[in-house]
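We name chains A, B, ... by the order of the sequence lines, and we start the count at 1 in each one. Note that the coordinates shown come from a computational prediction; the quantities given were computed from them, not determined experimentally.
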Amino acid sequence: MNKFNNEEIARLLRRVSAAYIIKNFNRFRIIAYDKAADSIEKSNIEVRDLWEQNRLSDLPGIGSTIAAHLDDLFKNGKVKHFEQAFANLPQGMFPLLDVPGFGPKKAYLLSDKFRLNDSDTAINKLLAIAKSGKIAPLEGFGAKSEQDIIAALEGFIKGQTKKKRMPLPYAYNAARLVIEYLKSNRATENAYLLGSLRRGVSTIGDIDIGVATKKEQEVINFFLKYPKSVKKIEQGESGASILLITGQQIDIRVQRPESFGAMLQYFTGSKAHNIRLRELAVKKGLSLSEYGIKNIKTGKLKKYASEEGIYAALNLPFIPPELREDWGEINAAEAQKLPELIAREQIKGEVHVHSDYDLKPSHDLGASSVEELLQTAQKLNYEYLVISDHNPKISGLSENQIISIMKKRKEHFEHILSSNKNIRVKLFIMLEVDILPDGNLALPAQAFDYVDAVLVSIHSSFTQDRETMTQRILTGLSHPKAKIFAHPSGRLIGKREGVNADWDKVFDFCRQKNKALEINSYPDRLDLADIMVKKAVDSGNKLVIDTDSHHKEQMTLIDYGITVARRGWAEKKDILNTLPYNEFAEWLKN
DNA sequence: GCCGTTTTCGGCCCGACTGTTTTCAGTCG
């Protein structure tokens with residue numbers, strides 16, 4: 001078996017596309033490979049997992065042909081068809097494709113000209129060639145492009161690849177500061193997030209911001225003077241890009257207020273959503289662009305100040321940014337069947353926080369007291385709070401010791417409640433219990449007497465095979481007091497892949513046994529992932545949204561979890577901690 | 001090569017910026 005991750009597979013498909021461009025294949029065939037690569041790159045699910053389940057074609061852009069090629073890839077580690085595509089080309093062109101500023105044509109032309117046949121040495125060789133001044137004299141090149149090539153190659157060698165995605169919260173914070181800065185200029189009438197940030201995608205590439213203004217140049221010049229900028233990347237009439245010292249790229253787009261809606265729509269994306277929307281427009285004799293909607297026959301352009309106007313012109317209701325992923329939202333909109341997405345004010349309780357009560361936990365202790373957490377819950381307008389410390393460690397403590405710890409903990413919390421009558425928030429005394437590798441829960445049977453219910457989760461042996469992992473999860477969830485499956489995939493964004501499990505089976509089990517799946521708002525987790533949330537919602541599963549806070553300040557991170565839920569089409573009815581206290585308590589007991 | 005409540009055949013989104021050019025090719029989103 002061969003382990004190819006999504007990034008590697010996407011790169012491979014792009015290389016095929018590049019080879020086909022050089023070989024002058026049908027351009028739609030080329031686009032198909034690029035689309036497939038896009039789709040795989042953005043997928044939250046490992047393509048390999050889909051392949052194991054024989055579900056490759058679930059991914060948009062993957063049809064029977066590419067699915068068959070990927071089958072080859074996973075089985076044999078290579079694809080005959082791809083090797084043929086790569087044949088008779090200078091192999092040095094392929095690594096160059098990963099360098100910013102290089103596309104198929106430039107990569108091929110230079111590799112061919114300078115006989116870069118070895119993919120391992122091509123980058124360094126080309127750098128030396130560029131430095132010796134051999135590129136500038138070539139037709140179509142010049143001194144400036146030679147310098148750009150040197151800078152791009154040096155940057156690449158230092159580790160700057162084309163894409164570097166960061167978790168949503170980091171991007172959000174950087175963007176917020178830039179927006180504040182832009183708004184401090186009087187020429188700025190308004191400034192909004194654009195792109196994946198506005199759609200709330202869990203990982204962000206570039207930070208895009210849209211500015212409504214009548215003085216475009218003034219705003220752009222002001223933007224270029226942003227104090228944290230270290231480099232101007234691009235400047236034009238309608239926008240500019242800078243690089244921050246943190247390595248984050250910030251793009252702004254400026255537009256007149258009367259056309260701002262079209263711009264906002266266009267730059268919010270996603271690309272797939274926009275393409276689908278433009279296809280719909282074409283069928284209606286209209287052409288949609290960044291500037292508005294053109295009547296194809298008359299050539300007349302109509303401007304739109306608001307996004308609502310754009311969608312209305314296409315006979316669609318407004319589609320919330322979080323849904324714009326081409327996951328069926330345009331069809332749903334046409335049928336007037338868009339979901340009424342869950343909103344922050346509908347959340348009635350926080351159901352996963354860790355306190356500083358020292359119960360000799362198996363994992364990290366929280367940093368805030370129960371009183372502080374209750375007060376924070378009250379400030380956030382919650383009716384109830386679940387304290388869910390990690391279970392006491394099982395090595396080094398006897399069962400009796402653990403039972404005694406759990407009993408004392410319950411008494412401690414009850415004492416706090418009775419001595420703080422001014423706290424209105426109701427408390428559930430729960431625990432986050434490890435599902436051990438064999439599926440047993442890391443808590444003695446008798447200790448369950450001292451909790452209302454438990455969340456269960458995986459904190460070890462993440463790499464078990466699919467069948468073992470699935471059985472482990474089901475066994476763990478079988479305990480009558482196990483009500484919530486916390487951070488189900490166990491992924492840490494950018495650090496650890498999620499576990500491999502048969503999610504259909506897990507979801508079926510949860511639905512039948514009345515268990516909830518968690519949407520964990522913690523920035524590195526955001527787990528379940530949006531696409532899995534959609535799957536859960538589609539199959540009628542119930543979810544909770546919580547923060548897994550280890551400090552009271554982290555409880556405001558709930559907004560990120562809500563964003564994930566919205567991206568998964570979740571409505572109030574799908575989220576159990578929208579229930580009032582009594583009903584939530586009732587659900588916990590059954 | 002993909003895709004489908006107008007299609008299983010015949011379509012397939014739109015434009016900006018850069019560097020090189022006197023009208024365009026390549027790259028990017």
Side-chain angles (χ1 to χ4, degrees), chain A residues 13-14 16-18 20-22 25-39 41-42 56-57 59-70 81-82 85 96-110 135-149 152 162-163 194-196 205-208 220 232-241 249 251-255 262-263 265-284 286-294 296 301 326 328 330-332 334-335 337:
Chain A
L13 294 174
R14 279 192 216 290
V16 175
S17 157
Y20 282 175
I21 285 176
I22 301 307
F25 275 54
N26 175 292
R27 76 186 180 96
F28 294 110
R29 197 166 168 193
I30 292 163
I31 290 170
Y33 272 91
D34 278 328
K35 274 189 179 168
D38 277 349
S39 179
E41 203 163 53
K42 290 213 197 79
L56 279 178
S57 299
L59 274 179
I62 309 285
S64 55
T65 306
I66 292 182
H69 293 329
L70 294 183
H81 186 84
F82 293 175
L96 286 174
L97 294 171
D98 298 329
V99 181
F102 279 83
K105 301 277 177 83
K106 203 188 287 180
Y108 170 73
L109 194 146
L110 294 174
I135 289 179
L138 297 178
E139 196 185 336
F141 292 84
K144 178 70 170 78
S145 56
E146 188 173 73
Q147 282 312 305
D148 288 348
I149 286 172
K162 278 184 184 174
K163 293 222 170 112
L194 302 173
S196 51
D206 295 340
I207 295 169
D208 298 310
I220 287 175
K232 178 175 96 178
I233 296 171
E234 198 174 273
Q235 177 180 6
E237 281 179 18
S238 59
S241 303
Q249 183 177 332
D251 300 346
I252 63 160
R253 298 284 141 190
V254 292
Q255 186 54 271
M263 192 273 265
Q265 195 290 316
Y266 172 75
F267 279 104
T268 296
S270 67
K271 191 172 168 183
H273 172 85
N274 284 354
I275 288 174
R276 187 74 66 175
L277 209 57
R278 281 178 230 147
E279 284 169 355
L280 184 73
V282 168
K283 284 177 190 153
K284 296 176 193 285
L286 303 168
S287 173
L288 172 64
S289 80
E290 170 184 357
Y291 302 103
I293 299 180
K294 207 190 284 180
I296 294 173
L301 179 80
D326 193 22
I330 291 175
N331 284 346
E334 281 185 300
K337 281 184 180 159

Say you pick atom [atom1] in [N] and the same atom in [M]; how far apart are they, in whole Å?
{"N": "B:dT21", "M": "B:dG15", "atom1": "P", "value": "27 Å"}
{"N": "B:dG11", "M": "B:dA16", "atom1": "P", "value": "28 Å"}
{"N": "B:dT7", "M": "B:dC3", "atom1": "C1'", "value": "10 Å"}
{"N": "B:dC17", "M": "B:dG10", "atom1": "P", "value": "39 Å"}
{"N": "B:dT20", "M": "B:dC24", "atom1": "C1'", "value": "8 Å"}
{"N": "B:dT8", "M": "B:dC14", "atom1": "P", "value": "24 Å"}

Mind checking if [X] touches a base, just sugar-phosphate, or nothing, with heavy atoms under 4.0 Å?
{"X": "A:E334", "answer": "nothing"}
{"X": "A:Q235", "answer": "sugar-phosphate"}
{"X": "A:A143", "answer": "sugar-phosphate"}

Query raised in the report: What distance do A:L109 atom CG and A:L96 atom CG have between them, rounded to the nearest 0.5 Å?
Result: 11.5 Å

Of the candidate nucleotides [options], which contains the atom at the shortest distance from the side chain of [X]?
{"X": "A:S289", "options": "B:dG1, B:dA16, B:dC14", "value": "B:dC14"}
{"X": "A:E279", "options": "B:dC12, B:dG1, B:dG19", "value": "B:dC12"}
{"X": "A:Y266", "options": "B:dC12, B:dC14, B:dT18", "value": "B:dC14"}
{"X": "A:K283", "options": "B:dA16, B:dT6, B:dC12", "value": "B:dT6"}
{"X": "A:D148", "options": "B:dG1, B:dG19, B:dT27", "value": "B:dG19"}
{"X": "A:N331", "options": "B:dC17, B:dT5, B:dG1", "value": "B:dT5"}
{"X": "A:Y291", "options": "B:dT27, B:dC14, B:dG15", "value": "B:dG15"}
{"X": "A:N26", "options": "B:dG1, B:dC17, B:dG26", "value": "B:dG1"}

Determine whether [X] and [Y] make a side-chain contact, defined as any pair of heavy atoms from C-beta on separated by less than 4.5 Å.
{"X": "A:K271", "Y": "A:K35", "value": "no"}
{"X": "A:E146", "Y": "A:F141", "value": "no"}
{"X": "A:R14", "Y": "A:D38", "value": "yes"}

**Report entry** A:S241 side chain to A:I233 backbone, donor-acceptor under 3.5 Å
**Finding:** no

Query raised in the report: Just by distance, do the side chain of A:D251 and the backbone of A:D208 share a donor-acceptor pair under 3.5 Å?
Result: no

Respond yes when some side-chain nitrogen or oxygen of [X] is under 4.0 Å from OP1 or OP2 of [N], and no when none is.
{"X": "A:H81", "N": "B:dG1", "result": "yes"}
{"X": "A:K144", "N": "B:dG19", "result": "yes"}
{"X": "A:K105", "N": "B:dG26", "result": "yes"}
{"X": "A:S145", "N": "B:dT20", "result": "yes"}
{"X": "A:S287", "N": "B:dC14", "result": "yes"}

Requested in this report: Considering non-hydrogen atoms only, spot the tightest contact between A:A67 and A:L56 and give its length.
Outcome: O-CD1, 3.7 Å

**Report entry** Comparing A:E234 and A:I275 on DNA chain B - which has the more 5′ nearest nucleotide
**Finding:** A:I275

**Report entry** Pairwise 5' ranking along DNA chain B for A:A67 and A:I233, keeping only the more 5' one
**Finding:** A:A67

Write down the distance between [atom1] ([X]) and [atom2] ([N]), rounded to a whole number of angstrom.
{"X": "A:E139", "N": "B:dT21", "atom1": "CD", "atom2": "P", "answer": "8 Å"}
{"X": "A:M263", "N": "B:dG29", "atom1": "CE", "atom2": "P", "answer": "17 Å"}
{"X": "A:D251", "N": "B:dG15", "atom1": "CG", "atom2": "C1'", "answer": "15 Å"}
{"X": "A:I22", "N": "B:dA25", "atom1": "CD1", "atom2": "C1'", "answer": "13 Å"}
{"X": "A:I30", "N": "B:dG1", "atom1": "CD1", "atom2": "P", "answer": "11 Å"}
{"X": "A:L59", "N": "B:dC2", "atom1": "CG", "atom2": "P", "answer": "12 Å"}

Query raised in the report: What does B:dC14 pair with, Watson-Crick or G-U, if both distances are under 3.5 Å?
Result: B:dG29

Requested in this report: Tell whether A:Y20 reaches the base of B:dG1 with its side chain through a donor-acceptor pair below 3.5 angstrom.
Outcome: no

Query raised in the report: Has A:F28 got its ring stacked on the base of B:dC12, with centres under 5.5 Å and planes less than 30° apart?
Result: yes

Report task. Could you tell me whether B:dT6 is syn or anti, where syn means a glycosidic angle within 90 degrees of zero? Result -> anti

**Report entry** Whether A:Y20 and A:H81 hold their rings parallel, tilted or perpendicular, with breakpoints at 30° and 60°
**Finding:** perpendicular

